[in-house]
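These figures come from a predicted structure and were not determined experimentally. Below, chain A is the first sequence line, B the second, and so on; all start at residue 1.
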Amino acid sequence: MELPEKLLKPYNPKETEERIYKLWEDSGFFNPDVCVKKGVTKENAESFSIVLPPPNVTGNLHTGHALMLVIEDIMVRHARMTGKKTLWLPGTDHAAIATQAKVEKILEKEGVRKNDLGREEFLKRVEKFAKESHDTIVNQCKKMGASLDWSREAFTLDEKRNLAVRTAFKQMYDDGLIYRGWKIINWDPKGQTTISDDEIIHEERKTKLYTFRYSKDFPIPISTTRPETKLGDVGVAVHPEGKWKKYIGQLFSNIEFAGTKLIIKIVGDEEVDPEFGTGAVGLTPAHSLVDWEIAGRNSLPRHPIINEFAKMVDTGHLTEGKKTTEAREIVVNWLKENNLMEKEEEIKQSIPTAERTGGIVESLPKLQWFVDVNRKIPSRGNKSLKELMLEPVREGKIKILPEHFEKVYFNWIENLRDWCISRQIWYGHRIPVWYHEPICIPKTGKEDLVGKCLEMIVSAEKPTCKYCDAGYIQDEDTLDTWFSSGLWTFSTLGWPNQTEDLKNYHPTSVLETGHDILFFWIARMILMSQYLLGEVPFHNVYLHGMVRTKDGKKMSKSLGEKAIDPLDIIAKYGNDALRMAMIVGNTPGNDLKLDENDIRGYGKFANKIWNAARFVLEQTKNLNIKNMPKLDKEDKKNDEELQKILAEVSKEMEEFKFSIVAEKLYHYFWHTFADIIIERSKKKIIENNNADSARNLLLSHLTTLLKALHPFIPFVTEEIWQILLPRRKVGEPTGVSTLMVEKYLDD
RNA sequence: GCGGGGUUAGCUCAGUUGGUAGAGCAAUCGAUUUACACUCGAAAGGUCGGGGGUCCGAGUCCCUCACCCCGCACCA
């Protein structure tokens with residue numbers, strides 16, 4: 001059998017990769033159903049499933065995604081080759097606020113504002129953008145060699161996922177886990193929406209701490225970093241046993257303060273640290289969570305003085321309608337002019353900013369939807385959502401890798417507060433709550449029915465009014481994007497329908513993602529699955545680190561321009577090279593410094609395999625594969641050594657030690673197989689001394705190593721396999737056959 | 001402040017239950033037209049952050065100090 005001409009040249013990944021991916025795709029073997037149907041996987045085989053963490057439809061994939069795809073593809077390919085019924089389910093994430101912000105930015109450049117377009121038209125623009133991003137992402141996943149089952153692809157905002165969201169919301173509402181409440185929330189004035197605690201990034205800045213008195217006769221000095229908020233003060237809280245104790249209960253009315261009148265009551269509250277600052281807190285109930293609670297305990301009014309645009313309202317003629325920053329200056333000047341300012345100090349403070357827009361977050365009281373994480377749930381053994389999240393990790397039903405993130409996870413949950421899930425943005429799942437039109441005029445004309453249908457209805461479907469034609473309108477708000485992401489492990493498998501997929505593939509085997517979304521996403525998935533399905537969403541969590549540039553900078557989506565494009569690297573060195581560089585020396589949880597030099601080095605490895613294959617195929621072309629000659633003593637020793645390595649490697653693959661396996665195989669291939677075995681075989685073949693034993697060892701080693709290496713470097717191994725294949729399949733029926741579905745161990 | 005992590009060869013990092021310190025890259029010397037747009041061989045390189053403890057034995061377990069990184073909460 002003659003060798004193809006391409007084998008005589010250096011390995012050319014560019015020419016190979018696209019063709020090979022198409023071969024895989026056409027084979028249908030990414031889909032486990034096809035594997036079963038064509039007999040490469042047993043019907044009753046153990047299943048292995050991973051849902052792809054859906055990339056945001058905000059643009060391109062970056063190196064972090066590439067790392068994710070590589071690690072997951074390795075797990076999936078390995079599982080498939082060990083005979084498991086293997087599903088890797090792809091999808092994309094609508095990423096509500098992130099995508100909306102991105103499209104708004106694009107429109108801004110065109111001089112268009114979203115409010116001018118209106119909700120419907122704006123959403124069309126977002127959807128168009130999302131579609132384009134989606135197509136790019138899918139294409140990039142394919143370039144990465146990801147063996148994803150595209151026939152099951154999902155989107156967090158498609159019809160099926162919307163049904164899942166509405167169903168989940170309704171059930172949670174009925175169980176009292178979702179409620180609507182008037183509470184202090186985080187407001188992003190730039191994005192014009194609420195955000196959750198997790199979407200805040202604290203930025204350290206220098207700021208001034210002012211110490212002042214409300215008036216000359218006010219007995220207690222107050223410190224603040226935000227003097228403008230003092231226009232909304234209604235009280236001063238001191239520790240019940242502190243030095244200001246004697247003033248508790250006193251009321252100071254008609255205080256002239258920077259253009260407004262204040263009524264300040266002095267209250268005692270345990271929350272106040274008597275040692276800190278002046279030992280007294282000026283209470284601005286509407287704009288501080290702590291103050292809100294203290295005010296509640298002491299029956300103080302809680303009126304807002306900052307609006308959604310971060311402007312002052314109801315604060316008197318000096319500051320009315322001014323931006324908070326302007327108002328601050330005015331108040332500071334007023335205090336100085338009236339000799340009420342006692343001290344100014346420079347301090348470091350961290351300012352809350354919105355993750356997506358960078359806007360400075362204000363605390364405002366608003367009517368929003370929340371998930372109650374502490375309420376006991378009768379249908380779940382009277383446990384709260386918090387407990388349902390803690391339990392499986394505590395009990396080892398979910399294992400997190402690296403293990404120390406379990407502690408981080410516990411720490412986060414223990415400090416968890418109710419989750420604000422409503423957002424005032426347009427792109428996302430609309431809240432499935434319906435309010436009646438303002439007027440209900442009963443068709444029967446019976447006046448006594450008016451108003452009977454004015455209540456709010458929580459429903460997965462649009463309700464109709466029994467009495468009138470006006471009907472119901474849906475809540476304007478959308479849900480936090482992580483609400484739908486939380487359902488991802490089962491919404492993708494068909495839930496709320498009890499599908500075969502759900503039965504076969506849930507709980508999923510592994511959830512692999514970056515450690516930066518442990519709270520955002522992993523915790524929410526555990527919450528949703530534990531509550532809605534009564535089971536864990538996955539058995540293992542594998543957290544990878546952040547990909548950094550050589551000098552340690554994070555290659556993230558927010559620093560998009562600076563990041564290396566994985567596709568450029570692939571074009572230059574090949575996919576296999578990038579994959580090896582991402583795996584060797586990378587352990588879970590640790591950041592990966594991606595160095596082009598390393599990638600180049602692994603490109604040479606692919607070529608080394610290619611050349612070794614050329615030699616082996618040339619030397620063994622007349623070998624009868626069905627009747628292999630016996631190994632001599634020397635060769636047998638190597639055969640045993642390889643078997644030993646394979647046994648180790650199998651174990652290590654199960655333990656997610658991909659770095660060790662990749663390194664071990666690399667080393668064995670190069671420094672034992674190529675340097676020792678091949679070199680020795682040359683001598684044996686030339687001298688015709690046990691030449692057939694040598695040939696046998698060459699071919700069996702190559703075959704075995706191609707299989708073992710395939711999950712790591714699928715392209716070059718498959719390409720060689722396709723050349724090797726006709727010899728293995730002599731006399732067998734033709735059909736698509738790929739290394740991808742070969743078994744590690746022949747049955 | 002609370003929590004987590006790191007410190008091992010020039011660089012990037014492995015090091016599984018404690019048993020003589022490893023890989024890749026870089027650098028050094030030598031060989032070579034070869035399956036190899038190179039590759040092969042050889043040698044070199046580390047008191048495993050400092051100090052203390054447990055142990056026959058510690059990079060690994062315990063205590064302590066130093067420096068660095070990352071979360072979370074931020075305090076009026």
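As rounded to the nearest Å, B:U28 and B:G19 have P atoms that lie 36 Å from one another.
Geometrically, A:Arg394 engages A:Phe410 in a cation-pi contact, judged by NZ or CZ lying under 6.0 Å from the ring centre and within 45° of the ring axis.
Salt bridge present: A:Lys621 and A:Glu618 bring a charged side-chain N and a carboxylate O closer than 4.0 Å.
Each of A:Lys651 and A:Tyr666 has a nearest nucleotide on RNA chain B; the 5'-most of these lies closest to A:Lys651.
In this entry B:C2 has B:G71 as its Watson-Crick or G-U wobble partner, both defining distances falling under 3.5 Å. Using N1 to N3 plus N6-O4 or O6-N4 for Watson-Crick, or N1-O2 and O6-N3 for G-U wobble, each under 3.5 Å, B:A66 pairs with B:U7. Shown here, B:U17 forms no base pair; nothing in the strands shown gives a Watson-Crick or G-U wobble contact with both key distances under 3.5 Å. The base-pairing partner of B:A26, taking Watson-Crick or G-U wobble contacts with both distances under 3.5 Å, does not exist among the strands shown. Shown here, B:U33 forms no base pair; nothing in the strands shown gives a Watson-Crick or G-U wobble contact with both key distances under 3.5 Å.
Judged by atom type and distance alone, A:Lys664 does not reach the base of B:A23 through any side-chain donor-acceptor pair under 3.5 Å.
A:Lys9 comes within 4.0 angstrom of nothing in the nucleic acid, heavy atoms only.
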Using nucleotides 1-5 of chain B, report all nitrogen or oxygen pairs with the protein that are shorter than 3.5 Å.
{"unit_1": "B:G4", "atom_1": "O2'", "unit_2": "A:His404", "atom_2": "NE2", "d": "3.4"}

